[in-house]
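Quick notes on the structure that follows.
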Amino acid sequence: MKRKMLVFLMVAVISLSVVFTACNKDVYVDPSTDSEYILVTDENGKKVLSEDGELIVYVTDADGKKVKDDNGEYVTEIRGFVGQIEENGVIEDYAYYFTLPDGWNAVNDRGEFENKKTKSTLQIQILEETIDEAIAKVEKVYNALNSQKDKTEEFKVLKNVYDNEIVNGKINIVTLQYDGETRVSLVFQNSGNTYQFDFSTTGDITVEDAEKETIEFLNSIEFKPYTYFPELTTSVNGGDSFVVEVTK
């Protein structure tokens with residue numbers, strides 16, 4: 001299955017539930033079919049992925065036993081990485097993996113997380129557009145918000161650009177604080193992909209600390225080196241560029 005089709009499938013499936021069975025951590029359940037597959041792992045127990053980042057599983061017969069070829073070798077096949085896998089606090093998505101920070105839990109397997117103690121949520125997305133396209137798309141939104149910030153003392157909207165070693169480039173951030181809610185959106189490019197993080201909290205926090213918490217979450221993530229929309233013309237953003245769509 002092509003990468004683009006997999007991304008669309010992830011969005012379309014409403015109730016995905018990807019888990020490992022308690023008796024065998026090497027079993028993958030495809031949430032779109034509920035079919036179970038035995039994962040191919042290396043000597044360290046790490047999942048073996050294809051060159052495109054897909055899961056590799058063993059072919060099994062009707063009884064669930066692994067099939068061998070004429071040479072006595074187990075037969076394998078590539079399965080599309082649908083949804084998200086969570087094991088012992090480690091989240092693995094088709095595009096990244098990380099250990100959940102203290103207090104954070106996965107809401108679902110579509111890149112949405114929450115911290116009930118701090119009344120915070122965070123969503124991770126890969127946008128099907130280049131950095132430049134995303135910037136052009138939302139620049140008017142920021143300008144509209146910025147034009148309103150002097151009309152009330154409670155309204156704050158800020159933008160910043162930071163260099164970051166994790167993504168080997170710039171992170172573009174816009175922060176909005178209004179009516180007891182603080183929202184941070186950051187966008188960056190990694191391996192030709194445009195990522196967007198949306199953090200929101202109703203907790204008592206400054207805009208600076210909200211930005212810091214969002215970046216700390218980002219720094220805990222290890223991204224896989226695959227390009228998911230290769231047909232897009234990629235570009236690297238710089239200067240005062242920014243992208244975020246913040247609405248209230």
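Positions are given from 1 along the sequence. Below, all heavy atoms of this structure are taken into account, side chains as well, without hydrogens, waters or symmetry copies.
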Does the [X] side chain pair with the main chain of [Y], one donor and one acceptor, at a distance under 3.5 Å?
X    : Y    : answer
D42  : V48  : no
N44  : K46  : no
T227 : S191 : yes
S120 : N115 : no
T194 : I131 : yes

Are side-chain heavy atoms of [X] and [Y] found at a separation under 4.5 Å?
X    : Y    : result
I173 : T214 : no
T99  : V90  : yes
F188 : L218 : yes
I171 : F197 : no
Y96  : I124 : yes
D198 : Q125 : yes
L49  : K224 : yes
Y94  : I126 : yes

Looking at [atom1] of [X] and [atom2] of [Y], how far apart are the two atoms once the value is rounded to the nearest 0.5 Å?
X    : Y    : atom1 : atom2 : value
K47  : E54  : NZ    : CD    : 14.0 Å
T175 : R183 : OG1   : CZ    : 11.5 Å
N105 : E86  : CG    : CD    : 7.5 Å
F113 : F199 : CZ    : CZ    : 14.0 Å
N172 : S185 : CG    : OG    : 11.5 Å

Show the atom names and distances, to 0.1 Å, of all donor-acceptor pairs under 3.5 Å that link a side chain in residues 66-76 to residues at least two apart or in another chain.
| from | atom 1 | to | atom 2 | distance (Å) |
| --- | --- | --- | --- | --- |
| D69 | OD1 | N71 | N | 2.9 |
| D69 | OD1 | G72 | N | 3.0 |
| D69 | OD1 | E73 | N | 2.9 |

Modelled atom types, side-chain donor and acceptor of T121 and E112, under 3.5 Å: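 The criterion, which ignores hydrogens and geometry beyond distance, is not satisfied for E112 and T121.
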
Will you find, in the side chains of Q177 and T182, an N or O donor that is under 3.5 Å from an N or O acceptor?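 Looking only at side-chain atoms, T182 and Q177 do form a donor-acceptor pair, the distance falling under 3.5 Å.
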
CG/D102: more than 12 non-hydrogen atoms of other groups inside 6.0 Å: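 Not more than 12 within 6.0 Å, no.
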
Determine whether more than 12 heavy atoms belonging to other residues, nucleotides or ligands lie under 6.0 Å from atom CG of D61.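 Enclosed: over 12 neighbouring heavy atoms sit under 6.0 Å from CG of D61.
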
Could you see if Y97 belongs to whatever hydrophobic cluster contains L122? Use Ile, Leu, Val, Met, Phe, Trp, Tyr and a side-chain cutoff under 4.5 Å.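 No; L122 is not reachable from Y97 via cluster members.
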
same_hphob_cluster(Y195, Y162) at 4.5 Å side-chain heavy-atom cutoff: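 Shared cluster, yes.
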
Before you tell me yes or no, could you show the steps for E213 and T201 under side-chain contact (heavy atoms from CB on, under 4.5 Å), namely the whole-Å CA-CA distance, both residues' side-chain angles and the distance that decides it to 0.1 Å? CA-CA 11 Å; E213 184 168 348; T201 182; over 6 Å; no

Which heavy atom of Y226 sits nearest a heavy atom of E51, and at what distance?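 Y226 and E51 have their closest heavy atoms at CE2-O, 3.1 Å.
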
Closest heavy-atom pair and its distance - I78, S50: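 Result for this residue pair: CD1-CB, 3.8 Å.
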
Residue pair V57, L39: steps toward the side-chain contact (heavy atoms from CB on, under 4.5 Å) verdict: CA-CA 4 Å; V57 302; L39 292 167; 4.0 Å; yes

